[in-house]
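A short write-up of the structure that comes next.
Just so you know, these numbers come straight off a predicted model, no measurement behind them. Order of the sequence lines sets the chain letters (A, B, ...), proteins ahead of strands, with each chain counted from 1.
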There are 2 protein chains.
Amino acid sequence: MNTEGTRRDEIINTATKLFKEKGYSAVTMRDLATAMGMKAASLYNHINSKQEILKAIIISLAEEFTQGMDVIKKLDEKAIEKLKMIVALHVDITTRNPYGMASLNNDWMHLEEQLVYYLKLRESYEQDFVEIIKNGIASNEVVNKNPEVIMFSILSTLRSLYLWIPKKEEIDSKVLAENLSDLLINGINK
Amino acid sequence: MNTEGTRRDEIINTATKLFKEKGYSAVTMRDLATAMGMKAASLYNHINSKQEILKAIIISLAEEFTQGMDVIKKLDEKAIEKLKMIVALHVDITTRNPYGMASLNNDWMHLEEQLVYYLKLRESYEQDFVEIIKNGIASNEVVNKNPEVIMFSILSTLRSLYLWIPKKEEIDSKVLAENLSDLLINGINK
DNA sequence: CTTACGGACTAACGCTTGTTAGTTTGAGCT
DNA sequence: AGCTCAAACTAACAAGCGTTAGTCCGTAAG
């Protein structure tokens, strides 16, 4: 048995790039096969369905975010520090898988059996996030504004990272995370 | 001749909502017809093609942004004031057409003849935006960080507005624009 | 009453979709 | 040399796609 799943992983990686460019629904199995240099039917020696590919891309990423948040929320740190860690979490995951983040953001609604599970993960994540912001407001670290608005403002930027991280390959993750944290926390006003 | 295009507009509005939920490629003409309470073939009494619907949704919105930016960039105002106006522009357009913004953000790549034109509009918009930020840095109003990073950070939030504006119908646009400006410009730090 | 016509319908078209069945190829082991 | 087996292939499927052609119906103007 050789390194288990290499060819399958190649297919999933190729699909991830195609899904980023055109979206899940617009990519056909024949498109994917062509990109892999094979015929569509041959894909089925390695995967069971198109749907399964989407699931493989999205669910593993969503679980990574959940695991990261589970660690952060339990720490004994100030709210602002926790927010910085969330930024770093997004930068880290997005840097390692920028294409997959496109599917996570744009094609989650095409999950079928896993849709409910995905939505549960997402809702929990956002609940934990907003809780950290509320604690920050209570401890006078964070400005007293609608916590949901604050979260969506930050989260929008973090969710869009996949669009411009591939263009800035020179920058290393740590520096980017620090710059971004500073921008989101302290604003752009001099 | 009666108010010109009413039925056609109904079709486009219905399509806009469906496109938001599933994306352009996943919505079929039969889906759209069902939502309109008619048969797919009947749609073609009012529109020429599926493609044309997408174009009608996206191009008009993109041109609205361009027109707004053309006004703002020529004004004799401080950079920070111009940035506040850009925020207000996004809030205004998104409030009036939250569903269409989903297509603009996620389905622009499925434009065909109009793709090049759309990309030209978008690039000009971003160039004007980044220019305002550069002027703000030069005049010591804005923190001296990478202007592209600043722009993407702000623009990500503005582009995601369509996701949560429909949930907050109670808030009026002006208040929202002010809160958001304050958050993006001054940060969340107390 | 007749005519015109917007706006719906049915039926069908050629093509593409995801997927299955069955077959062939070729490298590595004994 | 013969066997195994992963991984490619060809051929085909039923279903669904966007779209066209031709028809029918009801309302409103002459």
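Salt-bridge annotation for B:E131 and B:K82: absent, with no side-chain N of the basic residue lying under 4.0 Å from a carboxylate O of the acidic one. Salt bridge present: A:E81 and A:K84 bring a charged side-chain N and a carboxylate O closer than 4.0 Å.
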Query raised in the report: Could you write nucleotides 8-17 of chain D as a row of B, S and -, 5' to 3', where a protein heavy atom under 4.0 Å of any base atom gives B, of only sugar-phosphate atoms gives S, and otherwise -?
Result: BBBBB----B

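Residue A:Y118 qualifies as enclosed at atom OH: its count of foreign heavy atoms under 6.0 Å is above 12.
Across the protein-nucleic acid pair, B:I11 atom CD1 and C:dG6 atom P stand 15 Å apart, rounded to whole Å. In this entry the distance linking CG of A:L32 with P of C:dG18 reads 10 Å, nearest Å. One can place CG of A:N48 at 16 Å from C1' of C:dA21, the figure rounded to the nearest angstrom. Look at OH on B:Y44: it is 14 Å from C1' on C:dA12, rounded to the nearest Å. Rounded to a whole Å, the CG atom of A:L18 is 12 Å from the P atom of C:dG18. We find that NZ of A:K22 is positioned 13 Å from P of C:dT16, with the value rounded to whole Å.
Taking each heavy atom of B:T157 and A:S153 in turn, the nearest pair found is OG1-O, 3.0 Å. Scanning both residues, B:M151 and B:E126, for their nearest heavy atoms gives SD-O, 3.4 Å.
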**Report entry** Verdict with reasoning, B:K22 to B:D31, per side-chain contact (heavy atoms from CB on, under 4.5 Å)
**Finding:** CA-CA 11 Å; B:K22 307 172 58 179; B:D31 290 339; 3.4 Å; yes

